[in-house]
Number of protein chains: 2
Amino acid sequence: MVTKNPTPQERRKEQTRRDILENARQMIVRQGVDGLSIRALADQIDYTPGALYKYFDSKDDLIDAVRAASFERLNSFIAMRIQPTNNAAEMLLNGGLAYIEYAALHPQEYFLMFNMESSKATSGEQRDIAMRSLLQIVEFGLMQGEFVAQDDYDAATIAYHCWATVHGIASLQTTILLDERDDFLLLSRVMLQKVIEGFVA
Amino acid sequence: MVTKNPTPQERRKEQTRRDILENARQMIVRQGVDGLSIRALADQIDYTPGALYKYFDSKDDLIDAVRAASFERLNSFIAMRIQPTNNAAEMLLNGGLAYIEYAALHPQEYFLMFNMESSKATSGEQRDIAMRSLLQIVEFGLMQGEFVAQDDYDAATIAYHCWATVHGIASLQTTILLDERDDFLLLSRVMLQKVIEGFVA
DNA sequence: GCACTCAGTAAACAGTGTTCACTACTATAC
DNA sequence: GTATAGTAGTGAACACTGTTTACTGAGTGC
């Protein structure tokens with residue numbers, strides 16, 4: 001990451017880029033990805049549609065940038081909820097619940113992150129960060145004997161299982177089961193605890 | 001369901017409706033939901049764009065119909081894989097794996113079923129069918145003592161947990177982790193078995 | 001003070017879903 | 001067998017979309 005000190009105009013340009021990005025994000029939050037319109041966005045920030053193409057190559061490029069930003073927000077939201085303790089199970093539980101909560105709080109952003117076109121590698125970096133820190137916790141739990149693995153249920157599989165569980169809960173909740181049960185956070189806790197029970201020593 | 005015997009022209013109309021629907025489905029399968037174009041679709045079946053509006057109120061209406069059809073396919077695919085036996089655990093495992101496999105085989109259809117706009121109640125019926133039969137298996141397992149419930153982990157929660165697990169696996173696989181591991185079906189089996197272990201007596 | 005860079009514009013282009021007046025054919029009623 | 005009503009399908013228009021391109025005008029470096 002080599003960033004030489006930027007000139008004022010470079011900083012101004014970076015600022016309006018952020019401005020565009022943030023407004024795009026808010027538009028997606030309010031109306032969904034399909035509700036994002038280049039023309040409406042340009043209008044909102046007092047620009048001409050064509051001007052945006054000086055900052056982003058295309059609409060997809062802009063969406064990718066919003067997606068990456070959302071991934072970062074999700075990751076830091078989770079990181080905030082995980083206070084590093086000696087209890088790996090507690091960290092997994094809190095992190096997982098944070099994941100589910102974030103999805104419930106920002107369904108449109110969550111949907112944006114996990115749809116088919118998101119494999120464009122833009123968000124791949126952030127995804128790897130999430131996966132790595134998850135794996136780290138699991139391996140920490142194994143190392144200190146808090147968790148126990150089996151030959152076909154190793155650290156990687158355990159981590160994957162945790163992610164699949166919270167992702168499944170969050171995804172079902174934000175798509176086809178919207179607000180069907182009001183106790184869904186308690187419910188999620190029970191299910192996640194059950195999964196964790198499956199590999200505590 | 002009151003359907004009086006249809007006249008020939010009614011049957012003809014129903015036939016072209018099915019024709020439109022099937023071509024729309026194939027177009028979605030090949031190019032995704034966003035790749036579905038009314039004009040391209042009309043072109044493909046030698047109609048004028050406007051003609052389709054005699055069969056579907058709008059593009060969204062058409063998409064809803066495709067979604068409902070896909071849900072039906074998924075449900076019958078799973079039903080085929082579940083031979084009714086006395087072993088509820090086996091039924092859950094086979095059904096869950098069928099779910100995951102279907103998603104892997106038809107990622108675009110799967111994505112269509114589980115995106116934000118799908119709560120339009122069109123697919124609600126099919127969803128309820130799936131949930132009911134899942135719940136039935138769990139209750140069957142409980143009744144014959146094969147499974148055991150706890151006060152905060154009752155039949156409904158167990159069913160929900162199973163669905164969330166397979167959905168999470170399928171969703172992760174078809175979105176951000178496409179083909180990252182080739183042994184993902186075996187992996188899925190291990191994870192699902194772990195979940196089931198959590199409530200067998 | 002001059003030349004140059006470049007952010008931003010206006011207008012056009014090709015595409016989209018949707019509507020509507022209209023045509024042509026088909027099924028029914030007399 | 002002919003007139004009538006209904007309707008499947010057309011073609012052109014409308015209001016939108018994302019994107020490109022020639023151009024303008026203000027700010028920077030020399």
Side-chain angles (χ1 to χ4, degrees), chain A residues 4-28 30-67 108 112 115-117 120 122, chain B residues 4-28 30-67 108 112 115-117 120 122:
Chain A
K4 39 186 72 172
N5 47 345
T7 68
Q9 67 222 10
E10 279 174 336
R11 257 188 286 151
R12 243 184 298 132
K13 177 146 191 176
E14 182 52 37
Q15 177 52 43
T16 72
R17 203 192 124 99
R18 267 201 301 272
D19 200 34
I20 295 168
L21 201 74
E22 177 56 18
N23 276 276
R25 208 195 104 255
Q26 284 177 20
M27 198 169 261
I28 288 175
R30 275 198 281 272
Q31 326 187 33
V33 206
D34 293 339
L36 175 64
S37 156
I38 292 288
R39 297 180 113 101
L41 174 59
D43 211 64
Q44 191 173 310
I45 56 179
D46 294 315
Y47 277 79
T48 269
L52 304 199
Y53 288 81
K54 289 271 155 66
Y55 298 90
F56 297 93
D57 287 346
S58 66
K59 187 182 180 181
D60 277 338
D61 187 33
L62 172 57
I63 290 176
D64 276 351
V66 174
R67 178 161 32 228
Q108 296 288 4
L112 171 68
N115 69 11
M116 300 231 72
E117 280 78 29
K120 288 274 166 58
T122 317
Chain B
K4 40 186 69 173
N5 47 344
T7 68
Q9 70 223 11
E10 278 173 339
R11 256 188 287 153
R12 245 185 295 132
K13 176 145 191 178
E14 181 54 36
Q15 178 50 45
T16 72
R17 203 191 124 98
R18 266 201 301 271
D19 200 32
I20 294 168
L21 200 75
E22 176 56 19
N23 276 276
R25 208 196 103 254
Q26 283 177 20
M27 198 170 262
I28 287 176
R30 276 198 280 271
Q31 328 188 29
V33 206
D34 294 340
L36 175 64
S37 156
I38 292 288
R39 296 180 112 101
L41 174 59
D43 211 63
Q44 191 173 310
I45 57 180
D46 294 314
Y47 276 80
T48 269
L52 305 198
Y53 289 81
K54 289 272 155 65
Y55 298 89
F56 296 94
D57 287 347
S58 66
K59 188 182 179 180
D60 277 338
D61 187 33
L62 171 57
I63 291 176
D64 276 352
V66 174
R67 177 159 35 226
Q108 296 289 4
L112 171 68
N115 70 11
M116 300 231 70
E117 281 77 30
K120 287 276 166 57
T122 318

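In what follows, every heavy atom counts, from backbone to side chain, and hydrogens, waters and symmetry copies are set aside. Below, chains carry the letters A, B, ... as their sequence lines are ordered, and counting in each starts from 1.
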Margin query: Quick one, Tyr53(B) with Ile38(B), criterion side chain to side chain contact (heavy atoms under 4.5 Å, CB included). Give me CA distance, side-chain angles, the key distance, then yes/no.
Written below: CA-CA 10 Å; Tyr53(B) 289 81; Ile38(B) 292 288; 4.3 Å; yes

Next item on the list: Determine, step by step, whether Ile45(A) and Thr16(A) satisfy the side chain to side chain contact (heavy atoms under 4.5 Å, CB included) criterion, reporting the C-alpha distance in whole Å, the side-chain angles of both residues, the deciding distance to 0.1 Å, and the verdict.
Entry: CA-CA 10 Å; Ile45(A) 56 179; Thr16(A) 72; over 6 Å; no

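Asp61(B) places its CG atom 14 Å from the C1' atom of dG17(C), with the value rounded to the nearest Å. Protein atom CG of Asp43(B) is 11 Å distant from nucleotide atom P of dT10(D), rounded to whole Å. Atom-to-atom, CG of Leu41(B) to C1' of dT16(C) comes out at 14 Å; the value is rounded to the nearest Å. Protein atom CZ of Arg39(B) is 18 Å distant from nucleotide atom P of dG9(D), rounded to whole Å. Distance, Tyr53(A) OH to dA22(D) C1': 17 Å, rounded to whole Å. Rounded to whole Å, atom P of dT7(D) lies 8 Å from atom NZ of Lys13(B). Atom CG of Leu52(B) and atom C1' of dG17(C) are 11 Å apart (whole Å). Atom P of nucleotide dG11(D) and atom OH of Tyr47(B) are separated by 14 Å, given to the nearest angstrom.
Taking a cutoff of 4.0 Å between a charged side-chain nitrogen and a carboxylate oxygen, Arg25(B) and Glu22(B) qualify as a salt bridge.
At the phosphate of dG15(C), neither OP1 nor OP2 sits under 4.0 Å from any side-chain N or O atom of Ser37(B). Using a 4.0 Å cut-off, no side-chain N or O of Lys54(A) falls inside it from OP1 or OP2 of dC6(C).
Residue Lys59(A) has its side chain nearest to dG18(D) when only dG18(D), dG8(C), dT18(C) are considered. The side chain of Thr48(A) sits closest to dT9(C) out of dT9(C), dG17(C), dT10(D). With dT20(D), dT10(D), dA7(C) as the candidates, the nucleotide lying closest to the side chain of Ala51(B) is dT10(D). The side chain of Arg12(A) lies closest to dT28(D) when the candidates are dT19(D), dG17(C), dT28(D).
Between the side chains of Arg12(B) and Gln15(B), not a single donor N or O lies within less than 3.5 Å of an accepting N or O.
At the heavy-atom level, Phe56(B) lies nowhere under 4.0 Å from the strands shown. If you check every strand for non-hydrogen atoms under 4.0 Å, Leu62(A) touches nothing. Looking at heavy-atom distances under 4.0 Å, Thr16(B) makes no contact with the nucleic acid at all.
Scanning all heavy atoms of the two residues, the minimum distance from Val33(A) to Gln108(A) falls at N-OE1, 4.4 Å.
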